[in-house]
Amino acid sequence: MIQGRHYKLAKNTLMLVISITTVLSLGACEGQVPQPSTRTSSSSSSAAPTPDLTTEQEKKIREDIVEVLEKANSAKDATGLDQRVTGPQLTIRSSELSIAKSTGKLDPKTAIPKDIAQTVIPGDSGWPRSVFAITTTTEDQQSKRLLVMNQASAHENYKLWGVARLFQGAQLPKFPVPTIGAQMGQTDDKGLKATPVQATERYADLLQYGKNSKFAKDFSADYLRDSIDKLTETVQQGIDANKGEQHQTFVPEAGQIKVMRSSEGGDLVVAQINSVWTRKAGEGRESLPASDAEKALFAGGKPTSTMKVTYVNVIALYVPPAASSQPITAVGAERQPVKVEAV
Amino acid sequence: MSRQEDQNVKSVATGRPTRRAKIMRGIVAPIFALMAVTCIVFGIINATVWKPNPQVSAQTTLHSRYIVTDPGVLELVDDDATVTASLLGDSTDKQHDNEVCIAIGSSQDAVGWISGHQYQRIKGLATWSQLQTENQQVTGKPAAESNKHVDFRQSDMWQKVKCSSKTVSMHTGSHEAGQVAIISVEPSKRNSSQRQSSNSSSQPEVKVQMHWQRHKLPNFAMPLYFAGGLLAVLAVLSASVFAMEPSKLRKKKTEKLEEQQQLSVAQAFGRTFASVLSRSKSQTDGHRRHGTQTAVAEESQPKVVDISAKNMLEDQQPPQSQSSEQVGSDDPTGANSGSLQDYLQRFASEIGGSSRTAKRKRKKSVDDVNDDTSNASIPDDTNQPDIDDSTVGAIPQHYEDDDGSIDDRTYFASNEGISDETTEVFKARERTGRHQYIPQTQGQDGVE
């Protein structure tokens with residue numbers, strides 16, 4: 001029993017202990033460990049796909065590509081190109097470089113400006129992925145270029161797959177801004193005037209048969225067809241003079257096609273079409289290269305009466321939705337002889 | 001209980017503190033006061049000595065070639081994280097001349113890079129000093145070696161990448177939400193030709209440390225200060241108010257309560273009656289007696305109309321009749337109610353047998369109502385519709401007798417002309433083709 005003045009002390013101590021233990025439960029500690037919030041899950045099932053690249057990343061990739069190209073341009077040598085160039089562009093650029101080696105200078109059409117007017121970056125999560133970029137006009141006021149950069153797999157880097165020079169006055173469809181992320185298309189996209197593969201085949205048919213093609217009404221007139229027609233006519237005059245003959249065949253290259261869906265519902269399709277131009281000179285004459293480029297490629301060859309020139313064409317088509325009143329329109333192209341042989 | 005009250009009364013009378021006051025002032029108040037002081041003291045301690053550490057550093061050691069953080073982990077504690085990866089193990093082992101690399105990229109790119117391989121996931125913080133990890137296998141086949149493939153450090157996919165032979169550290173800095181860090185042990189450039197370590201079965205030992213500098217610290221002092229203040233208030237209250245005799249407090253409360261209850265009961269009754277009585281004009285003066293009583297209440301309360309309890313006959317009375325109720329003066333529609341009864345009786349007699357029963361029923365209902373008024377009960381509406389049922393066969397007779405045309409409204413023109421303005425509800429029934437009698441109220445002479 002605690003007596004007297006100790007009683008008050010004991011009572012106070014007891015109070016203090018009770019108070020402290022009550023308060024200690026709110027005592028100092030770091031608190032709960034934070035949990036990661038999954039509000040920013042970048043899974044492929046998210047409603048808004050995040051773009052595969054930021055604009056800074058895209059710029060850096062493009063700069064790396066241009067750097068490799070310029071190195072090859074200055075060396076006029078295609079070795080080392082495959083580090084950053086692939087597909088039809090690799091073939092075309094190699095040809096351009098070998099022409100440059102023999103002529104001493106690069107064709108002005110090979111210029112690719114460093115700056116871009118627009119870039120279309122997909123938000124798709126798989127591979128292969130392609131990024132479309134539209135450059136500004138060149139320093140010498142040539143038309144804009146449509147660049148297609150492709151990443152074949154996660155372990156590879158982006159490479160320049162195709163370049164098409166846009167036609168003057170060609171209307172390109174709209175795409176989402178790069179911060180939103182566009183959508184790549186499939187080669188068999190439905191709901192359009194034709195699937196991308198079909199559109200390419202029909203265009204090849206059109207190039208081959210011209211007005212007689214059964215798909216002539218599906219397409220609007222474009223600069224590439226006009227220029228090929230003009231060139232063919234010119235050559236035809238020479239061929240008529242010596243009772244020769246000529247014909248061209250256009251065949252799309254299987255698997256070399258890239259599709260990007262536009263915001264308007266149509267697809268922008270970039271595809272490779274190979275063509276072979278066979279020119280036979282009659283009356284025992286020789287068939288000679290028809291252009292400087294052919295000449296440079298053929299340099300040192302022995303002409304015969306038949307000349308076979310292989311071209312690689314890269315064409316950019318806009319395929320509108322099926323309900324649209326617009327026909328399929330070619331918006332850009334590139335055409336380069338890659339092999340000249342006398343058979 | 002009375003003993004306690006006696007004690008309290010005695011204490012109050014003598015002026016000595018009651019038992020309750022003693023407990024309150026002597027024990028409860030000091031406890032609260034002490035708790036308040038303790039809270040404040042702990043609050044101060046939390047704000048100074050026990051302040052949460054702004055540096056948060058958590059680590060773990062893993063055996064894996066690839067380590068990837070989950071989305072959201074990099075910004076778990078604060079926006080800027082520093083990720084450090086160290087390659088442990090025997091550094092003299094020349095065969096495995098490896099580098100450890102850290103890259104920041106999107107989650108899908110990181111997973112795409114290591115597809116087909118096993119990797120360790122950093123899911124978050126297990127404790128404040130330990131990272132939580134989990135083993136995971138990515139579906140798919142491992143990418144076959146190819147000279148087209150680029151090294152980890154050269155991939156276009158990463159926002160940032162850094163490599164080092166032993167320990168590499170990287171600030172994540174400002175980055176897009178959802179980015180992850182991927183740590184990979186790669187063969188160093190010197191060894192790239194051998195590519196021995198690209199064998200995924202080798203599991204190098206890697207220590208991963210994540211460090212954050214917290215800019216927003218949790219404030220544990222504030223709740224303690226708040227609690228302390230609250231307890232101080234409680235201490236003061238328990239020493240003063242709670243120590244007072246509850247009887248002193250209670251009385252005021254009960255008085256108020258009783259008053260309120262009285263008023264509310266009167267009001268409630270009044271409201272119920274007012275809505276009903278105002279309709280029952282045909283009822284006897286008995287109702288009016290109650291009507292005056294409830295008049296005052298009625299004026300102050302909005303009238304509650306129960307549509308489902310409609311009394312068809314009563315509803316025929318024009319709105320003026322209601323105001324008459326309030327005044328308690330003669331019912332201007334007394335003539336109406338009188339005439340209504342007259343009409344009914346006449347109608348019943350003309351119909352004959354069926355009407356006689358109706359009249360009987362009517363009288364009965366009236367009588368019932370008379371009886372009921374003294375008890376201020378709500379009249380039974382179901383009495384009224386009987387008339388309708390019984391006079392179904394009668395109406396066409398009347399129509400033909402008069403002018404051969406079937407027009408409910410004009411038939412009763414002689415009956416002081418009754419407006420059909422108040423019969424909105426009954427218009428639908430009118431059209432059922434059952435030619436029901438619909439008594440018209442006064443208002444328009446010969447409604448056409």
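First the proteins, then the strands, lettered A, B, ... as listed; each starts at 1.
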If you count heavy-atom pairs within less than 4.5 Å of chain B, which of A:Ile61, A:Leu53, A:Asp52 leads? A:Ile61
Counting only non-hydrogen atoms closer than 4.5 Å, does A:Lys60 touch chain B with its backbone (N, CA, C, O), its side chain (CB onward), both, or neither? neither
A:Lys76 NZ: over 12 foreign heavy atoms closer than 6.0 Å: yes
Given heavy-atom pairs under 4.5 angstrom as the criterion, report whether the side chain, backbone, both or neither of A:Gln151 touches chain B. side chain
Given B:Asp109, B:Val56, B:Leu74, B:Val180, the one with more heavy-atom pairs under 4.5 angstrom with chain A than any other is B:Asp109
Taking side chain to side chain contact (heavy atoms under 4.5 Å, CB included) as the test, write out the residues that go with A:Pro178, two or more places apart. A:Thr55, A:Thr119, A:Ile121
For A:Thr86, is it the side chain, the backbone, both or neither that has a heavy atom under 4.5 Å from a heavy atom of chain B? neither
By side chain to side chain contact (heavy atoms under 4.5 Å, CB included) - contacts of B:Ala221 (at least two apart): B:Asn46, B:Ala47, B:Asn219, B:Tyr225
Run the ring pair (Phe, Tyr, Trp, His ring centres under 6.0 Å) check on B:Trp158 and B:Phe152 step by step: do they pass? CA-CA 9 Å; B:Trp158 318 129; B:Phe152 183 88; 5.2 Å; yes
Using a 4.5 Å cut-off on heavy atoms from C-beta on, say whether the side chain of A:Trp161 contacts that of A:Gln256. yes
